[in-house]
Structures are given as C-alpha cells and as structure tokens.
Amino acid sequence: MSVRSIEDRIKDELTALCMGIGISDPQVLLEIPRQKGHGEYSCNVAMRSAKQAGMIPRDLADQLAADFPTSSDGVKAVEVAGPGFLNFILSKVYFHNLLKEIASDTLSFASSDEGHGKRWIFEFVSANPTGPLNVVSARAASIGDTLVKVFRKRGYDARSEYYVNDRGNQIKLLGASVRAIFDKTEIPENGYHGEYLKGIATQISDADLQENNVVAGQKVATMLLDINKELLDVFGVGFNNWFTESSLYKESKPEDVINMLTQSELVYEKSDALFFKASEYGDNEDRVLRKSDGDFTYIVPDIAYHLDKRERGFDKAVTLLGPDHHGQSISMKAAMKALGLPDDFYHPIIVQQVNLKRDGKEVKMSKRAGVGIMMDELIEEVGVDAARFFFLMRSISSHLDFDMDVAKQHTDENPVYYVQYAHARINQIFKMAESRGIELDIDTDLGILSTEEELDLLRTMTRFPWTLGAIVRAIDPHLLTTYLIELARSFHYFYAKQRVVGDEVELSKARLVLCKGVANILKEGLNLMGVSAPEVM
RNA sequence: GCCCCCGUAGCUCAGUAGGAUAGAGCGACUGAUUCCUAAUCAGUAGGUCACGUGUUCGAAUCACGUCGGGGGUACCA
C-alpha cells in the first residue's frame with residue numbers, strides 16, 4: 001500500500017459514485033488542503049458537477065460523503081465543509097502502515113510508474129566550449145540533473161544530454177584568439193580575451209597553432225570542454241550523452257534540413273541568403289538559414305539536432321536555455337511546427353539569470369571579458385551542497401538572487417544546513433539509542449504514535465510522493481527544496497517537544513521508526529538534488 | 001518597437017490543476033539548554049497579493065489592459 005494507491009482508490013471510488021448519480025464525466029482531482037482541519041485530501045467535485053447532477057453542491061457533497069465507503073486502515077471519515085468540499089480523513093492505522101513502508105524501503109516509496117516509460121530527453125548546460133562555465137550554466141546543471149532523477153523515479157525513461165557546439169565561426173575565432181595570444185599580436189574583433197586562454201596557449205603545440213584557425217580552435221575547444229566536464233563532475237552532474245554538432249555534419253544532416261524545408265516550400269532567397277519563413281509559424285520574423293557567404297547559421301544544425309532527437313525515438317525534448325537564447329527557442333518552435341512535429345515535442349525552458357550577492361551588493365559577471373564569478377569560483381567559495389541547493393530554491397523562470405554570504409553560513413539562516421542538520425540529528429539519536437541497547441525494529445507496535453507532533457510529522461512525510469508528482473507536472477524541481485525545509489521543520493519541532501530515546505522502551509522503539517522514516521525521506525530528497533546527507537555535523 | 005521573466009509582510013521568497021481564514025525564513029521584540037547536537041525550538045508584531053476591468057459558485061492564481069523592475073532582441077552561437 002502506498003500513498004499513490006490510496007489517492008487512486010479515493011479517485012476511483014468518487015468517480016464511480018458520481019457516475020452512479022448520472023454525472024457523465026466527473027473531474028475528480030484531489031488536492032492537499034492548506035488548512036490542517038480539512039483532512040489529508042480534499043475534493044471539489046461536488047461544486048464542479050452540481051449543475052450536471054441537478055443538485056445544489058452541498059446536497060451532492062452530502063450524498064457522496066454518505067455513500068463513500070470507509071475503513072479502519074484507509075479513509076476513516078469523509079466530511080462535507082464550506083460550499084461543498086469533501087474532506088477525507090485518513091486513519092492512524094493507515095499512517096502507521098505507511099511509516100513501516102517508508103522506514104523499511106527508501107527506494108520504492110515515492111516511486112511511481114505514472115510516466116509509463118515515456119522517453120524524455122533533457123538537454124542542458126550545452127555551453128559553448130569557448131570558455132569557463134558561468135553561474136547560469138551551474139544553475140541549469142542543478143536543475144537538469146535533478147529533473148532527470150525525479151522523472152526517472154516517476155516512471156519516465158529520462159536521459160540527459162549535452163550539445164557541444166564544436167564547429168562554426170566561434171571555433172575559428174577561438175583559434176585565432178589563441179594564436180594571437182601565442183604570437184603576442186592583437187586579438188581579433190569579437191575574439192576571446194579571457195585570462196584562461198593564456199594558460200591554454202602555453203599548452204598547445206606550435207604545429208597545431210600553425211595549421212589553421214579552425215584546427216587550433218578545435219584543439220582549444222577540446223581542452224576547454226574537458227575542463228568543464230571535470231567541473232561538472234565535481235558538481236555531481238553527469239550526462240548520458242555528449243552530442244557534437246560536428247557529428248551532424250558528418251552525416252550531412254544540416255543539408256538534409258535545407259532540402260526538407262526547400263521541398264516543403266518553406267524557404268526563399270533574398271540578397272544571396274536563404275531565409276526560412278519562420279514568421280508564418282509564430283516567429284517575429286523570417287530567419288536566415290544560409291548566409292550570403294554560403295555558411296549555415298546555427299539554426300540549421302540546431303533543427304537537424306532536434307530532428308535527430310525525434311528520430312532517436314524520444315517523446316519529448318526538454319531543452320534548458322539561458323536567458324539570452326529565448327529568441328532562438330521561438331525560431332526552433334516555428335521550425336518544428338513547419339516540419340510537422342507534434343506541438344509539444346520541443347519543450348524549451350528558459351533558465352533565468354542569477355544575481356550573485358555578497359556583502360549585500362550585487363556581484364557583476366561577464367563571460368567574454370573574463371571578469372566576475374564563474375561556476376568554479378562559486379563552488380570553491382560556497383561548496384557544492386550549498387550551490388546545488390540554492391540553485392533549486394526558486395522556480396526556473398524566476399530570476400535568482402544568490403546570497404553568497406548566506407550560502408556560506410553554518411547557521412539556521414542557511415536552509416541547506418537546516419535540512420542537513422535534521423538528518424545528522426537523527427543519526428545522533430540512533431547512536432544514543434544504540435548505546436542504551438535499543439535497536440531499530442521496523443515491526444515494533446507503531447500504534448503508540450499518537451501525539452499531534454508525531455501525526456503532523458507523518459502527514460508531512462506522506463506528501464513526499466505528491467511533491468515529486470507536482471515537480472513532474474510543472475517540470476520544475478524547486479518544490480523539492482520547499483518540501484524538505486518543511487519536513488525538517490516538522491522534525492525539529494517534534495524533536496524539541498518529545499524525547500525519542502526515553503524511559504519507555506516501546507515508545508522509544510516506535511519513535512525510532514518514525515525517525516528512520518524521516519531520515520530516509522531527507523536522504524532521498526537530498527540525493528535527488530545532488531546534496532549530501534551528512535551523518536555528523 | 002517586439003519578445004520573455006518578475007511585482008505577495010521591512011528583506012528574500014512559498015502559495016501545488018482556480019478553492020475554504022494568504023504562509024515560511026530572515027530582520028525586530030520576548031522567551032526556552034539538569035534531558036538524544038541551541039547548526040534547534042516556542043511566542044509577539046508585521047498584508048489594498050502593483051493597479052483596473054472581465055471570466056464564475058469561487059481569483060494571489062485565468063484573460064485583457066495599465067504602471068513599475070529585470071533580461072533579451074545578429075547573415076554570432
């Protein structure tokens with residue numbers, strides 16, 4: 001028995017009851033009420049369906065409540081409240097059974113098959129290999145990695161991918177820039193000036209540099225990519241696949257895109273350039289595919305790349321983009337539409353900017369000029385745990401104020417430590433219990449757990465699967481931080497009020513199981529975020 | 001100009017598929033440690049959910065408009 005299944009059971013039962021009354025398509029959605037007195041779940045179906053049933057909401061609700069089957073280990077009671085809400089109150093036995101499951105098995109609890117094995121590809125970071133990763137890339141790495149983990153837990157076949165722009169104009173410029181540094185001549189216009197290139201320039205062979213700018217650029221790009229891979233690795237973010245732009249060219253995929261678009265009469269020539277009629281598909285203006293100098297713009301391989309994702313059998317392509325790429329996502333949407341792909345296949349998400357703050361002031365950053373805080377410096381300063389947690393604290397679409405002073409603090413102001421401390425505290429409790437000769441026993445009688453603090457804690461625990469479901473619906477992981485902070489709070493409150501390891505052995509044993517359950521969820525939640533769950537702090 | 005994001009307590013923000021009396025943390029003030037870690041807990045104060053109109057049984061949430069803040073807007077990627 002799991003939370004998921006009781007939700008489903010309530011939904012099924014209500015749907016059947018509604019249909020019995022003659023409501024043809026009842027919209028039964030359960031929600032978790034904000035108010036504590038409103039039960040574990042509530043449902044507004046009586047208000048929604050009253051008209052169709054020819055009844056007033058309150059009466060319909062009364063009838064549904066009266067007909068709903070209750071049980072001693074599930075829904076204990078159904079109450080009607082307000083304009084016609086149905087509030088479902090679960091029995092203590094239900095909570096006690098569920099706790100047993102959580103405390104004994106970390107992995108299956110909160111897992112679900114709601115994704116039905118659908119294949120989703122999550123592309124993120126995908127920063128050009130022309131310099132160090134910035135903090136928006138770090139934010140995207142945190143978000144993408146956590147999304148993939150949560151989606152897998154919820155029954156999706158989720159894959160992560162990094163798209164490497166390893167050719168084109170920028171690579172040429174990169175080569176020219178390094179060559180200029182090496183030759184001590186002027187760096188070309190729009191070239192790369194960063195300090196990091198000086199170190200690279202000394203590591204690259206003369207022969208490679210002399211070859212030509214493209215070869216030199218590719219060499220440098222490979223080195224920079226390796227540095228970034230290593231950093232992402234330190235950050236705990238790996239990718240299932242690194243997809244290079246150059247591989248598309250090896251199979252002439254960009255040319256194929258041009259042919260497809262031409263055959264479908266979606267292009268036209270103007271002043272020696274080839275345009276895609278993007279404005280007919282929702283873009284602001286038509287977009288250049290092939291420049292007057294004969295080269296493709298980035299759009300062409302990008303389209304080829306997304307067609308490739310489709311060919312590889314993915315149902316949905318989630319792409320996390322930086323705030324400076326949102327124009328690009330609109331063009332891509334237009335291209336997908338023009339080529340007849342399903343509307344919801346390409347799902348771009350703009351990861352909004354990060355404002356770093358220190359001493360109450362904003363720390364400015366700029367990639368090209370090589371000043372400001374880069375991802376590696378941030379990690380060095382605040383640590384991986386704080387960085388990953390902080391990056392997940394706001395919704396993806398919100399600008400994020402990242403207070404580096406708070407992230408570094410080892411105090412209650414810092415939510416990372418607040419959550420981690422709850423986990424460490426529980427471990428200390430187990431150590432104390434062990435020293436008193438009390439062992440964790442999952443099968444101990446949990447019926448003894450009945451104080452308000454204990455039940456609150458149990459209620460909060462049951463919301464974990466629901467939270468993961470909400471993350472999937474929103475394709476946004478920030479709810480996880482909110483939830484874990486709340487669970488930690490609920491635990492600290494319980495801890496302050498009630499002693500776990502006390503004189504009554506049976507009570508102590510039951511409370512140990514409760515603690516074990518909390519620790520399991522904290523650990524699993526932190527793990528999904530790539531944040532450590534320390535046993536001692 | 002056009003596009004995207006944001007506007008909720010002094011500050012940073014939650015508010016889940018439109019639900020019931022809008023919530024946390026920080027800061028401020030008051031208190032708690034014979035007892036498993038005080039990296040903790042309790043209490044007090046603090047609100048025209050930017051503004052307007054609409055949609056409906058019901059709007060912080062949806063639509064349209066206005067104002068304010070931020071970002072973007074290449075034949076670069």
Side-chain angles (χ1 to χ4, degrees), chain A residues 27 29-35 37-38 42 44 47-48 50-51 56-57 81-85 87 126-128 130 165 168-171 173 190 245 270-275 283-285 287-293 295-299 301-302 322-330 350 352-353 355 357 360 393-399 401 403 406 409-415 417-418 420-422 424-433 435-436 463 466-467 469-471 473-474 478-479 481-483 485-486 489 491-497 499-502 508 511 515 536-537:
Chain A
Q27 297 291 310
L29 286 175
L30 293 185
E31 59 188 305
I32 295 175
R34 240 183 306 199
Q35 289 289 318
H38 295 158
S42 78
N44 61 5
M47 274 109 80
R48 283 170 166 274
K51 213 172 267 176
I56 63 169
F85 287 103
N87 293 334
S126 296
N128 293 339
T130 52
N165 293 100
N169 207 22
Q170 44 168 359
I171 297 296
L173 269 172
N190 297 325
E245 186 185 359
K270 197 176 97 184
S271 36
D272 289 336
L274 188 70
F275 282 75
D283 205 342
N284 293 342
E285 49 188 289
R287 300 291 165 181
V288 174
L289 298 173
R290 195 178 57 224
K291 298 182 273 180
S292 48
D293 67 6
D295 286 346
F296 294 139
T297 61
Y298 67 89
I299 295 174
D302 261 16
D324 52 337
H325 286 64
H326 92 263
Q328 176 182 333
S329 72
I330 295 166
I350 304 298
Q352 282 296 344
Q353 62 186 105
N355 300 316
K357 281 186 169 176
M393 283 203 302
R394 303 282 170 260
S395 66
I396 302 179
S397 61
S398 292
H399 297 197
D401 278 340
D403 191 325
V406 172
Q409 273 172 37
H410 292 202
T411 70
D412 56 354
E413 273 184 60
N414 189 340
Y417 287 94
Y418 186 83
Q420 287 181 323
Y421 183 56
R425 238 183 183 177
I426 292 171
N427 263 280
Q428 289 306 112
I429 293 173
F430 277 107
K431 276 190 187 160
M432 162 61 81
S435 73
R436 299 253 191 113
R463 280 178 22 220
W466 195 91
T467 301
I471 289 168
R473 281 200 298 275
H478 86 279
L479 287 169
T481 56
T482 314
Y483 172 78
I485 290 168
E486 211 170 316
R489 179 179 310 129
F491 171 74
H492 288 310
Y493 177 71
F494 157 78
Y495 176 92
K497 292 248 172 175
R499 200 173 165 79
V500 176
V501 184
S508 299
R511 285 184 174 163
C515 288
V536 181
M537 287 175 75

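Just the heavy atoms: all of them, side chains too, but no hydrogens, waters or symmetry mates, feed the values below. Per chain, numbering begins at 1; letters A, B, ... match sequence-line order.
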field: Side chain of A:Leu29 - closest among B:A39, B:A17, B:C3
entry: B:A17
message: Is it the case that the side chains of A:Asp302 and A:Gln328 hold a donor-acceptor pair, with the cut-off being a distance below 3.5 Å and no angle test?
response: yes
statement: Each nucleotide of nucleotides 19-27 of chain B classed B (base within 4.0 Å of a protein heavy atom), S (only sugar-phosphate) or -, in 5' to 3' order, makes BBSSSSSSS
message: Pairing check on B:A20: which nucleotide meets the Watson-Crick or G-U wobble criteria with it, both distances under 3.5 Å?
response: none
query: A:Tyr483 has an atom OH; how far is it from atom C1' of B:G15, in whole Å?
result: 17 Å
- request: Pick base, sugar-phosphate or nothing for A:Ile350, based on heavy-atom distances below 4.0 Å to the nucleic acid.
  value: nothing
task: Select base, sugar-phosphate, or nothing to describe what A:Ile471 touches, counting heavy atoms under 4.0 Å on all strands.
output: nothing
- prompt: Who is the Watson-Crick or G-U wobble partner of B:C35, with both distances under 3.5 Å?
  reply: none
- request: Could you grab the distance from atom OH of A:Tyr298 to atom CG of A:Asn169, nearest 0.5 Å is fine?
  value: 13.5 Å
- request: Find which nucleotide of RNA chain B each of A:Leu479 and A:Asp293 is nearest to by heavy atoms, and output the residue with the more 5' nucleotide.
  value: A:Leu479
- prompt: Could one point to a donor on the side chain of A:His399 or the base of B:C6 with an acceptor on the other under 3.5 Å away?
  reply: no
query: Once you round it to whole Å, what is the distance between P of B:C11 and CG of A:Asp403?
result: 15 Å
message: Could you tell me how far apart A:Ile171 (CD1) and B:C76 (P) are, to the nearest whole angstrom?
response: 15 Å
message: What contact category does A:Tyr298 fall into here, base, sugar-phosphate, or nothing, at under 4.0 angstrom with non-hydrogen atoms?
response: base
message: Quick check on side-chain contact (heavy atoms from CB on, under 4.5 Å): which of A:Arg290, A:Arg287, A:Glu285, A:Lys270 does A:Phe275 satisfy it with?
response: A:Lys270
Rounded interatomic separation in angstrom, taking CG from A:Asp401 and C1' from B:G71: 14 Å
- prompt: Does a side-chain N or O from A:Ser329 land closer than 4.0 Å to OP1 or OP2 of B:C4, or not?
  reply: no
task: For nucleotides 29-36 of chain B, just jot down a letter per nucleotide in 5' to 3' order: B, S or -, based on protein non-hydrogen atoms under 4.0 Å.
output: ------SB
query: Do A:Arg425 and A:Tyr495 meet the cation-pi criteria used here (NZ or CZ under 6.0 Å from the six-membered ring centre, within 45° of the axis)?
result: yes
query: Side chain of A:Asp324: nearest nucleotide among B:G72, B:C75, B:G70?
result: B:G72
query: What nucleic acid atoms does A:Lys51 come within less than 4.0 Å of, heavy atoms only: base, sugar-phosphate, or nothing?
result: sugar-phosphate
- request: Tell which nucleotide pairs with B:C29, taking only Watson-Crick or G-U wobble pairs whose two distances are both under 3.5 angstrom.
  value: B:G43
- request: Determine the interatomic distance between C1' on B:A59 and the same-named atom on B:G19; round to the nearest Å.
  value: 10 Å
query: Which atom names give the shortest non-hydrogen contact between A:Phe491 and A:Cys515, and what distance separates them?
result: CE1-SG, 4.0 Å
- prompt: Given that A:Lys270 and A:Thr482 both sit by RNA chain B, which one's nearest nucleotide is further toward the 5' end?
  reply: A:Thr482
message: Check this one for me: any side-chain N or O of A:Lys291 less than 4.0 Å away from OP1 or OP2 of B:C76?
response: yes
Torsion-based syn/anti label for B:A17, 90° from 0 as limit: syn
- prompt: To the nearest 0.5 Å, how far apart are CG in A:Leu479 and OG1 in A:Thr467?
  reply: 7.0 Å
statement: In whole angstroms, the gap separating P of B:G71 from NE2 of A:His325 amounts to 17 Å
message: Once rounded to the nearest 0.5 Å, what's the spacing between atom NE2 of A:His478 and atom CZ of A:Arg394?
response: 8.5 Å
- line: Of the listed B:G71, B:U12, B:C76, the closest approach to the A:Gln353 side chain comes from B:G71
message: Measuring only the C1' atom in each nucleotide, how far is B:G10 from B:U55? A whole number of Å is fine.
response: 36 Å
For B:G1, the Watson-Crick or wobble partner whose two distances fall under 3.5 Å: B:U73
- line: Between CZ of A:Arg287 and C1' of B:C75 the distance, given in whole Å, is 12 Å
- prompt: With a 4.5 Å heavy-atom cut-off, do A:Phe494 and A:Arg511 have their side chains touching?
  reply: yes
- prompt: Heavy atoms under 4.0 Å, any strand shown: does A:Val406 hit a base, just sugar-phosphate, or nothing?
  reply: nothing
query: Could you give the CG-to-P distance, from A:Asn284 to B:C3, as a whole number of Å?
result: 7 Å
message: Base of B:C75, side chain of A:Ser292 - is there a donor-acceptor contact under 3.5 Å?
response: yes
field: Counterpart base for B:C51, defined by Watson-Crick or G-U wobble contacts under 3.5 Å
entry: B:G65
- prompt: How far, in whole Å, is B:U53 from B:U30 if one measures between their P atoms?
  reply: 44 Å
message: Taking any heavy-atom pair under 4.0 Å as a contact, classify A:His478: base, sugar-phosphate, or nothing.
response: sugar-phosphate
field: Whole-angstrom distance between B:G69 and B:A60, as gauged at atom P
entry: 26 Å
message: Say we look at B:A74 and B:G70: how far apart would their C1' atoms be, to the nearest angstrom?
response: 22 Å
message: With rounding to the closest Å, how many angstrom separate the P atoms on B:G23 and B:U44?
response: 14 Å
Spacing of A:His492 atom NE2 and A:Tyr418 atom OH [to the nearest 0.5 Å]: 5.0 Å
task: Say whether, by atom type as modelled, one donor and one acceptor occur between the side chain of A:Asn414 and the main chain of A:Val406 under 3.5 angstrom.
output: yes
message: In whole Å, measure the gap between the C1' atoms of B:C4 and B:G46 for me.
response: 34 Å
message: Rounded to the nearest 0.5 Å, what separates atom CE in A:Met432 from atom CZ in A:Arg499?
response: 6.0 Å
message: With heavy-atom distances below 4.5 Å as the criterion, would you say the side chains of A:Gln352 and A:Ser398 are in contact?
response: no
- request: Starting from P on B:G18, measure out to CD on A:Gln27 and report it in whole angstrom.
  value: 12 Å
- prompt: Looking for any heavy atom pair under 4.0 Å, which part of the strands does A:Ser395 touch: base, sugar-phosphate only, or nothing?
  reply: sugar-phosphate
field: Pairwise P distance for B:U21 and B:C49, with rounding to whole Å
entry: 15 Å
Beyond-backbone contact of A:His325 with A:Ile350, side-chain heavy atoms, under 4.5 angstrom: no
